[in-house]
Protein chains: 2
Amino acid sequence: MKRKVTLKQIAKELDVSISTVSKALRNSKEIGEDTREKVQAFAKLYNYKPNNIALSLKNKKTKTIGIIIPEIVHHFFSMVIRGIEVVANQRGYNVIVGLSNESFDKEVINMEMLANGSIDGFILSISKETQLKQDFHHFHETINQGMPIVMFDRVVNDVKCDKVIVDDFKGSKKAVSKLLENGCKNVGLITTMDYVSVGKLRTQGYLESLEDRGIQPKSELILKVVEELDSEDHLEDLEAEVEQLFINNPEIDGVFAVNELYALTAMKVAKKMGKSIPEELQVIGFTDGVLSKHATPSLSTIKQHAEEMGAKSAELLIDRLELEKEDDRYETVVLETELILRESTK
Amino acid sequence: MKRKVTLKQIAKELDVSISTVSKALRNSKEIGEDTREKVQAFAKLYNYKPNNIALSLKNKKTKTIGIIIPEIVHHFFSMVIRGIEVVANQRGYNVIVGLSNESFDKEVINMEMLANGSIDGFILSISKETQLKQDFHHFHETINQGMPIVMFDRVVNDVKCDKVIVDDFKGSKKAVSKLLENGCKNVGLITTMDYVSVGKLRTQGYLESLEDRGIQPKSELILKVVEELDSEDHLEDLEAEVEQLFINNPEIDGVFAVNELYALTAMKVAKKMGKSIPEELQVIGFTDGVLSKHATPSLSTIKQHAEEMGAKSAELLIDRLELEKEDDRYETVVLETELILRESTK
DNA sequence: AAATATCACTCAAACGTTTTCGTGTTGAAA
DNA sequence: TTTCAACACGAAAACGTTTGAGTGATATTT
């Protein structure tokens, strides 16, 4: 086993100084041609590669981005990571991933672990628990120490950083408008509790879309699913809630759901109850994941351009890192959504 | 903005030496009580945290694991990452993720980027292109430099490292046997080309299961999908191939597919052709992802315990790192599969 | 012949830690 | 009074790298 070779070893072997080796490898013209060639040949032979950690320490930059997300087993988030990774790699950066698992404490711990020199900046989407607690001190502290953050999707307004979000409001307006255009008279909404920022915005889009057409929103058509139910393990409870919605409101002929799972569940329950899709019930979801595409019938949905979101986040962060702009002019990029029409709508 | 404080700054501020500060913070009894308290109070006030990079350089360990996977937008791989992350974090490690995107070159580049000091060891699953090329020099070199590797799922036999795999062979035997037990007389197989190691094993399991019952496998019942088709963008081609299979072999009453997408496509095509599931056609897939669970009808499948696979990989790697066992006794852990019965089988 | 430029290198500091080995000051034992 | 621990702390090396400043030796200019 030949361990990694260092400058020191090469220097000793060739009987020159460390600095000569370093300079020779960087083709400095301070070094004579013969020495330079000798060193380079030796280095190549022993497959010398500079030690990243030493470079990081010296340069005070690690060329590494920390990503903190609530969950990785999730089409949306993994798409975002992919977007980040592509841009990061292109620009010579690595990505290190931490999962908050929707927990405030894990979010804080993960950030502390990484903020001590391991990375140059964060790209993150905040956990549900953090949104609920409204405790953002860890973001403020990180930024205060000179480490930039880019937030995506689930952001918080009063943190001074770049943000990349999707136009949730307009996106859901698009969806609901489409349902109304398609002749739906009673559009139901399946959404989350209001503290989830994106859920709230999507709910607002639904409401405004109705109001735009002079339709009075009816609260009985709105189902706000409590937190525990959207975990994969409580599908039956979710189904029961949705079924109740349909039973109580048989006039429902359209459903807008704020995520794939809710939309799919709505379709499943409807089919079970004998409602045909899209003839008797039209459904539109949010987030264009694998489920929407492969459902039967396939699900019309609002596509969020997750990969683009990751790519944009990475660009914002790296730009800030490399320009070292210390200005307080933070950017919020809003990505437009796209309505993908499939079989669940007429 | 208060930048991160260092030992040196604390030392200067309190007019003691750097070593005194370091020792005081680590509660060395070399340091007098009053000085110790003073230093600790100051450190707490300024939220001192040791710089990870400096520690890594000194200790020659980064407490970071490098993960290289072919694709992150994939339920199986993201589950594995989750498994790794949980164990890694518990044991004080971070994870840094590189994506090969099924490309040999990206796999090599990613490994080189990380092997220069950034990480202590790798957990990886090799790309399809690498499997095709059979070029494993980068693994050998990495191991030769004293950096341990753990391979999972897609492994290669002649690399000296720990491995965690699923019993693909037995798993597919289980699936096919179940179909036969359920009365299927003509079980079709939808699989990948043979160079994909897991695809090959699953194909073998299919064959042996038939032979065990004295059934002569018919090659016309086996569809080997060419590489390009299983990307999400060529769904129609895949569907056409599957349809042809069904048209040419109308006697098919059972299908075993080596992944979710193939199984789902089989169901979709079958439904389109008017075959009822599971009455006329029973289907079993491989990999228990979201698609299987939420398909209609829901898909019976072979569950791989992906998260456990990640967890086990992390344990193997960290054990090796911490025990610094240099022995050549490498372990191959085989995880058993589980047959999950849902609506696509009788 | 003296001054100076050029070359080809080496030294040493710096990044932030930890840790071994001093070292000067006490107080107590001899 | 001398000797010697015990105490409380500092100096310096080490991890691997880059880089500005310094240094002899030649070669060139005046």
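Each chain gets a letter, A, B and so on, in the order the sequences are listed, and its residues count up from 1.
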- DNA chain D: Ser19(B) or Lys58(B), which has the more 5' nearest nucleotide? Ser19(B)
- Message: In whole Å, I'd like the distance from the CD atom of Gln9(B) to the C1' atom of dC15(C).
- Response: 12 Å
- Message: Just the rounded figure in Å: distance from P of dT19(C) to CD1 of Ile31(B).
- Response: 13 Å
- Item | Test salt bridge (Lys or Arg N to Asp or Glu O under 4.0 Å) applied to Glu85(B) - qualifying residues, sequence neighbours left out | Lys106(A)
- Message: So, OP1 or OP2 of dC7(D): does either fall under 4.0 Å of a side-chain N or O from Lys29(B)?
- Response: no
- Query: Just how far, in rounded Å, is C1' of dA12(D) from NZ of Lys8(B)?
  - Reply: 14 Å
- Message: salt bridge (Lys or Arg N to Asp or Glu O under 4.0 Å) for Asp319(A) and Arg91(A)? Distances and angles first, verdict last.
- Response: CA-CA 10 Å; Asp319(A) 283 349; Arg91(A) 301 185 63 170; 3.0 Å; yes
- Query: Should Arg36(B) be listed as having a side-chain N or O under 4.0 Å from OP1 or OP2 of dC9(D)?
  - Reply: no
- By nearest-heavy-atom nucleotide on DNA chain D, the more 5' of Asn59(A) and Asp34(B) is Asp34(B)
- Task: For Leu7(B), report the nucleic acid contact type (base, sugar-phosphate, nothing); a contact means any heavy atom under 4.0 Å.
- Result: base
- Tell me whether the OP1 or OP2 atom of dC9(C) has a side-chain N or O from Thr35(A) closer than 4.0 Å. yes
- Query: Atom CG of Asn116(B) and atom P of dC15(D): how far apart are they, to the nearest Å?
  - Reply: 18 Å
- Message: What is the distance, to the nearest angstrom, from the CG atom on Asn27(B) to the P atom on dA8(D)?
- Response: 14 Å
- Are any of Ser22(A)'s side-chain N or O atoms less than 4.0 Å away from OP1 or OP2 of dT18(D)? yes
- Message: Set out, in order, the CA-CA distance, both residues' side-chain angles and the distance that settles side-chain contact (heavy atoms from CB on, under 4.5 Å) for Met309(B) and Met79(B), then state yes or no.
- Response: CA-CA 9 Å; Met309(B) 189 168 229; Met79(B) 285 287 272; over 6 Å; no
- Item | CZ (Phe104(B)) with more than 12 external heavy atoms under 6.0 Å | yes
- Could you check which of dG16(D), dT17(C), dG20(D) has an atom nearest any side-chain atom of Lys23(A)? dG20(D)
- How about Lys4(B) and Asn116(A): does a side-chain donor come under 3.5 Å of a side-chain acceptor? yes
- May I have the distance from Leu57(B) (atom CG) to dA14(C) (atom P), rounded to whole angstrom? 17 Å
- Taking for each residue the nucleotide of DNA chain C with the nearest heavy atom, is it Glu30(B) or Lys49(B) whose nucleotide lies nearer the 5' end? Lys49(B)
- Message: Between Lys60(A) and dG16(C), is there a contact of a side-chain N or O with OP1 or OP2 at under 4.0 Å?
- Response: yes
- Looking at dT17(D), dG10(D), dT18(C), which one has an atom nearest to any side-chain atom of Ser17(B)? dG10(D)
- Describe, in one word, how the ring planes of Phe136(A) and Phe139(A) are oriented to each other, choosing from parallel (under 30°), tilted (30 to 60°) and perpendicular (over 60°). parallel
- Task: Supply the atom-to-atom distance Ser125(B) OG to Phe152(B) CZ, rounded to the nearest 0.5 angstrom.
- Result: 4.5 Å
- Message: Let me confirm one number: the CD1-NE2 distance from Ile149(B) to His138(B), rounded to the nearest 0.5 Å.
- Response: 8.0 Å
- Rounded off to whole Å, could you give me the CD-to-P distance for the Glu33(B) and dA8(D) pair? 9 Å
- Query: Over how many whole Å does the gap from Arg3(A) atom CZ to dC15(D) atom P extend?
  - Reply: 14 Å
Pairs: protein N or O with nucleotides 24-27 of chain C N or O, under 3.5 Å:
none

- Would you kindly check whether a donor in the side chain of Lys4(B) faces an acceptor in the base of dG16(C), or vice versa, at under 3.5 angstrom? no
